[in-house]
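Model, not experiment: these values are computed from the prediction. Counting begins at 1 with the first residue of the sequence.
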Amino acid sequence: MRRAAAVALAVAAAALLPPGGAAAALRLERVGSFAQPVYVTGPPGAGGRLFVGERRGRVRIVRGGRKLRLPFLDIHREVLIRSRYETVDQRGLLSIAFAPDYRTSRRLYVFFVDRRDRIRVDELRRSRSDPDRADKTSRRTLFTVPGAGRVHHGGQLAFGRDGALYASVGFTNEEDAPQDPASLRGKIVRIDVDAPDPRPEVWATGLRNPYRFSFAPDGRMVVADVGGDEAEEITVLDGAGANLGWPLYEGDRRLEDGDVAGYVPPAITHRHAAGWCSIIGGYVVDGRYLYGDLCSGDIHAARLDATPPTTRRLRLSVPYLVSFGTDTRDRLYAVSFRGPVWRIAG
């Protein structure tokens with residue numbers, strides 16, 4: 001998230017989350033229904049448009065409360081999906097991001113698993129003649145990771161306030177990869193998209209499935225890492241070089257012996273024994289981090305800077321919650337894999 005956008009989001013959230021965090025002030029307003037939506041966002045200078053990414057490779061625009069008939073981007077012929085059930089096959093389009101200078105550069109980025117079963121991040125540009133369409137002829141691939149497999153791909157794209165693009169790559173069930181410096185699996189990578197030959201650089205390591213992360217208003221990254229058998233975790237990162245410990249650590253418990261240089265423990269751990277199954281990371285608003293769980297759909301708020309961090313469940317629930325997002329006006333949204341996209345209003 002851009003620094004200016006993050007600050008604006010925090011300011012706007014004062015109305016969203018009133019003093020004391022009165023849950024009764026929050027409600028869900030339905031935006032529309034889509035075909036297995038997985039992500040929602042809005043670029044700068046887009047005139048209030050909302051962009052919804054669908055798993056099968058289409059990106060839809062909502063403008064003035066209406067879903068446009070033609071997709072902004074359609075790469076469904078290039079996306080690999082072998083089962084319609086996300087619990088069996090998590091491949092497909094996973095997220096999109098727009099460059100901070102999108103209004104002039106027209107650059108956008110897509111994270112998906114392609115027909116060669118590769119995790120892939122591509123750059124495209126918006127059409128010069130039609131702001132409601134992407135120009136697929138402008139595409140270049142920034143990086144790929146072969147052998148994606150069915151599950152645990154990561155999938156988040158976001159720009160930091162340094163202007164670089166950050167991407168989260170899951171471990172794809174290769175247990176040794178997160179601690180292997182030569183592998184991109186189980187990592188968060190940083191890409192200077194303005195470089196003549198941009199390449200991913202490992203920024204954080206030791207992750208399992210960092211499906212969603214975001215940047216707080218102070219520039220720190222908040223990572224929600226989907227756990228294995230025992231726990232889900234939220235970790236706050238101040239800069240490059242952190243090691244989140246997988247597979248030697250899960251949550252706040254050590255599972256194996258071994259050296260974990262640069263280990264950063266999670267700020268918050270949620271255990272499966274308490275009903276959690278798959279954490280869905282969100283955004284920091286008004287000092288609170290909003291996030292949820294895929295199985296329950298419950299939305300939670302955490303004070304990450306409290307000692308220790310405090311959490312509580314809000315009176316909001318989204319069935320089959322797969323993502324949060326923000327639009328061009330920095331309003332918050334929650335996405336249900338079953339189709340609906342909701343705006344969190346207050």
Side-chain angles (χ1 to χ4, degrees), residues 34-41 51-60 70-98 108-125 133-158 165-175 177-178 183-189 191 198-200 207-213 225-226 228 278 280-281 294 320-323 325 335-339 341:
F34 303 83
Q36 294 187 334
V38 292
Y39 196 63
V40 58
T41 188
F51 290 71
V52 180
E54 296 176 333
R55 179 195 184 204
R56 293 196 174 274
R58 295 183 176 92
V59 177
R60 305 280 184 180
L70 295 177
F72 173 75
L73 175 67
D74 187 351
I75 55 171
H76 77 276
R77 296 182 183 276
E78 302 167 49
V79 168
L80 177 63
I81 300 174
R82 291 194 173 140
S83 172
R84 66 185 298 268
Y85 298 105
E86 186 268 348
T87 53
V88 175
D89 186 350
Q90 296 169 359
R91 291 173 289 205
L93 176 69
L94 292 168
S95 74
I96 58 176
F98 295 87
L108 62 138
Y109 301 84
V110 291
F111 188 123
F112 65 104
V113 177
D114 68 14
R115 289 294 176 94
R116 295 169 63 181
D117 199 23
R118 302 179 301 177
I119 292 172
R120 180 168 151 187
V121 174
D122 281 4
E123 177 189 83
L124 301 94
R125 293 179 185 263
R133 299 300 295 274
D135 177 9
K136 289 199 290 184
T137 67
S138 66
R139 185 186 316 187
R140 65 170 176 167
T141 297
L142 298 185
F143 73 89
T144 62
V145 180
R150 294 182 299 106
V151 294
H152 305 143
H153 308 109
Q156 182 69 44
L157 293 173
L165 177 66
Y166 291 77
S168 61
V169 182
F171 83 134
T172 65
N173 281 357
E174 292 199 10
E175 290 289 350
S183 173
L184 295 182
R185 289 178 168 87
K187 310 294 194 304
I188 291 174
V189 300
I191 309 161
R199 297 177 182 273
L207 295 112
R208 185 178 181 275
N209 185 21
Y211 174 60
R212 293 289 178 244
F213 69 83
D225 198 12
V226 179
S278 183
I280 304 298
L294 181 143
Y320 216 142
L321 175 68
V322 291
S323 191
V335 179
S336 167
F337 192 69
R338 292 179 181 172
V341 171

Find the distance between [atom1] ([X]) and [atom2] ([Y]) and round it off to the nearest 0.5 Å.
{"X": "Tyr320", "Y": "Gln36", "atom1": "OH", "atom2": "CD", "value": "8.0 Å"}
{"X": "Leu124", "Y": "Phe98", "atom1": "CG", "atom2": "CZ", "value": "10.0 Å"}
{"X": "Leu157", "Y": "Phe111", "atom1": "CG", "atom2": "CZ", "value": "6.5 Å"}
{"X": "Gln156", "Y": "Ile96", "atom1": "CD", "atom2": "CD1", "value": "10.5 Å"}
{"X": "Leu70", "Y": "Arg60", "atom1": "CG", "atom2": "CZ", "value": "8.5 Å"}
{"X": "Ser138", "Y": "Leu108", "atom1": "OG", "atom2": "CG", "value": "7.5 Å"}

Does the side chain of [Y] come within less than 4.5 Å of [X]'s, by heavy atoms?
{"X": "Val335", "Y": "Phe34", "answer": "no"}
{"X": "Leu294", "Y": "Leu321", "answer": "no"}
{"X": "Arg212", "Y": "Ser95", "answer": "yes"}
{"X": "Leu165", "Y": "Leu142", "answer": "yes"}
{"X": "Val226", "Y": "His152", "answer": "no"}
{"X": "Arg56", "Y": "Val79", "answer": "no"}
{"X": "Leu207", "Y": "Ile188", "answer": "yes"}
{"X": "Val88", "Y": "Arg150", "answer": "yes"}

Would you find more than 12 non-hydrogen atoms of other residues, nucleotides or ligands less than 6.0 Å from [X] atom [atom1]?
{"X": "Arg139", "atom1": "CZ", "value": "yes"}
{"X": "Arg140", "atom1": "CZ", "value": "yes"}
{"X": "Arg116", "atom1": "CZ", "value": "no"}

Practice item. List in chain and number order the residues that pass salt bridge (Lys or Arg N to Asp or Glu O under 4.0 Å) with Arg118, two or more places apart in sequence or in another chain; answer none if no residue qualifies. Key: Asp114
If we ignore hydrogens and angles and just use 3.5 Å, is the side chain of [X] paired with the main-chain N or O of [Y] as donor and acceptor?
{"X": "Asp74", "Y": "Arg58", "result": "no"}
{"X": "Thr172", "Y": "Gly149", "result": "no"}
{"X": "Asp122", "Y": "Val110", "result": "no"}
{"X": "Arg133", "Y": "Pro71", "result": "yes"}

Which atom names give the shortest non-hydrogen contact between [X] and [Y], and what distance separates them?
{"X": "Arg55", "Y": "Val38", "answer": "CB-CG1, 3.9 Å"}
{"X": "Ser183", "Y": "Ala177", "answer": "OG-CB, 3.7 Å"}
{"X": "Leu93", "Y": "Glu54", "answer": "CD2-O, 3.3 Å"}
{"X": "Asp225", "Y": "Pro210", "answer": "OD1-N, 3.1 Å"}
{"X": "Ala97", "Y": "Ala158", "answer": "CB-N, 4.5 Å"}
{"X": "Thr144", "Y": "Arg120", "answer": "CG2-CG, 3.9 Å"}

Review point. If you look only at pairs with a residue in residues 79-89, which of them pass as a salt bridge (charged side-chain N to carboxylate O under 4.0 Å, His left out), with sequence neighbours excluded?
Key: Asp89-Arg91
Exercise for review: Please state whether the rings of Phe51 and Phe72 are parallel, tilted or perpendicular, taking 30° and 60° as the class boundaries.
Suggested key: perpendicular
Point to revise | side chain to side chain contact (heavy atoms under 4.5 Å, CB included) evaluation trace for Phe143 with Thr141 | key: CA-CA 6 Å; Phe143 73 89; Thr141 297; 5.9 Å; no
**Study point:** For Tyr166, ring-ring contact (aromatic ring centres under 6.0 Å, His included) partners two or more places apart
**Key:** Trp203, Phe215
Exercise for review: I would like to know whether Val322 and Tyr39 meet side chain to side chain contact (heavy atoms under 4.5 Å, CB included); could you show each step before the answer?
Suggested key: CA-CA 8 Å; Val322 291; Tyr39 196 63; over 6 Å; no
